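Working notes for the structure below.
These numbers come from a predicted model, not from an experiment.
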Amino acid sequence: MLPKRLAGLVAGALLLTAAGTIPAHAEAERDSYINGWTLNKESNRWYDSNSDGAWTGVYFEGCSTDANFSSAGLHLYKDLSWSPDVNKGSRTNYCGWVDWNDPDDAGQYYFALKSLADGEALWVNKVRIGW
């Protein structure tokens with residue numbers, strides 16, 4: 001009985017790992033798309049209460065540019081209405097998941113497109129933001 005149970009658990013873990021589209025755990029997530037973004041375009045804001053230790057991540061699927069897509073540079077910001085926004089760091093997305101550590105700071109967040117390795121405009125069929 002134990003070997004069957006262990007095999008089932010391992011198979012389930014491998015399936016989830018292979019899927020690769022859901023963070024380990026998340027407070028919340030939402031799906032969207034990108035249609036012809038140019039540099040410095042910002043995503044919509046989301047509220048992260050930081051009630052858990054979940055990391056913030058952005059997943060891209062189906063990426064293209066007006067040239068050949070190879071990567072996109074993203075910056076994560078905490079939106080502050082009364083002063084400059086706080087840059088929480090940059091990541092390079094190669095059309096998959098990129099994660100920032102748990103911001104450990106409740107507030108409104110967004111990401112911005114800061115660079116493209118090739119091309120001047122970005123299209124992404126599916127964008128998943130998890131926090």
Q.
Against His75, only a single residue in Asp85, Asn40, Asn87 fulfils side chain to side chain donor-acceptor pair (under 3.5 Å); can you say which?
A. Asn87

Closest approach of [X] and [Y], non-hydrogen atoms and distance?
| X | Y | result |
| --- | --- | --- |
| Asn93 | Val98 | CA-CG1, 3.6 Å |
| Ser71 | Thr92 | CB-CG2, 3.6 Å |
| Thr38 | Glu120 | CG2-O, 3.4 Å |
| Gly62 | Cys95 | N-SG, 3.7 Å |
| Val58 | Phe111 | CG2-CD2, 3.9 Å |
| Ala106 | Ser49 | CB-O, 3.6 Å |

Are [Y] and [X] linked, directly or through intermediate hydrophobic residues, by side-chain heavy-atom contacts shorter than 4.5 Å (ILVMFWY only)?
| X | Y | value |
| --- | --- | --- |
| Trp131 | Leu80 | no |
| Tyr77 | Leu74 | no |
| Leu113 | Tyr94 | no |

Q: Begin with the C-alpha distance, continue with both residues' side-chain angles, and end with the deciding distance and a verdict on side-chain contact (heavy atoms from CB on, under 4.5 Å) for Trp123 and Asn35.
A: CA-CA 5 Å; Trp123 288 263; Asn35 189 13; 2.9 Å; yes

Given side chains that start at C-beta, do those of [X] and [Y] come closer than 4.5 Å, heavy atoms only?
| X | Y | answer |
| --- | --- | --- |
| Trp46 | Ile129 | yes |
| Tyr109 | Lys88 | yes |
| Leu122 | Phe69 | yes |
| Arg128 | Arg30 | no |
| Asp99 | Asn101 | no |

Q | Straight-line distance of Ile34 CD1 to Ser43 OG, nearest 0.5 Å | A | 8.5 Å

(Q) Distance check, rounded to the nearest 0.5 Å: Lys41 atom NZ versus Lys114 atom NZ? (A) 13.0 Å

Q. Is the shortest distance from a Lys or Arg side-chain nitrogen in Asp48 or Lys78 to a carboxylate oxygen in the other one below 4.0 Å?
A. no

Q.
As a quick check of understanding, evaluate side chain to side chain donor-acceptor pair (under 3.5 Å) for Gln108 and Tyr110, giving each step before the final call.
A. CA-CA 7 Å; Gln108 294 282 345; Tyr110 66 94; over 6 Å; no

Q: Check whether any side-chain N or O of Ser70 sits under 3.5 Å from a backbone N or O of Asp118 as a donor-acceptor pair, and report yes or no.
A: no

Q: Compute the ring centroids of Trp37 and Phe60, then answer whether they are less than 6.0 Å apart.
A: no

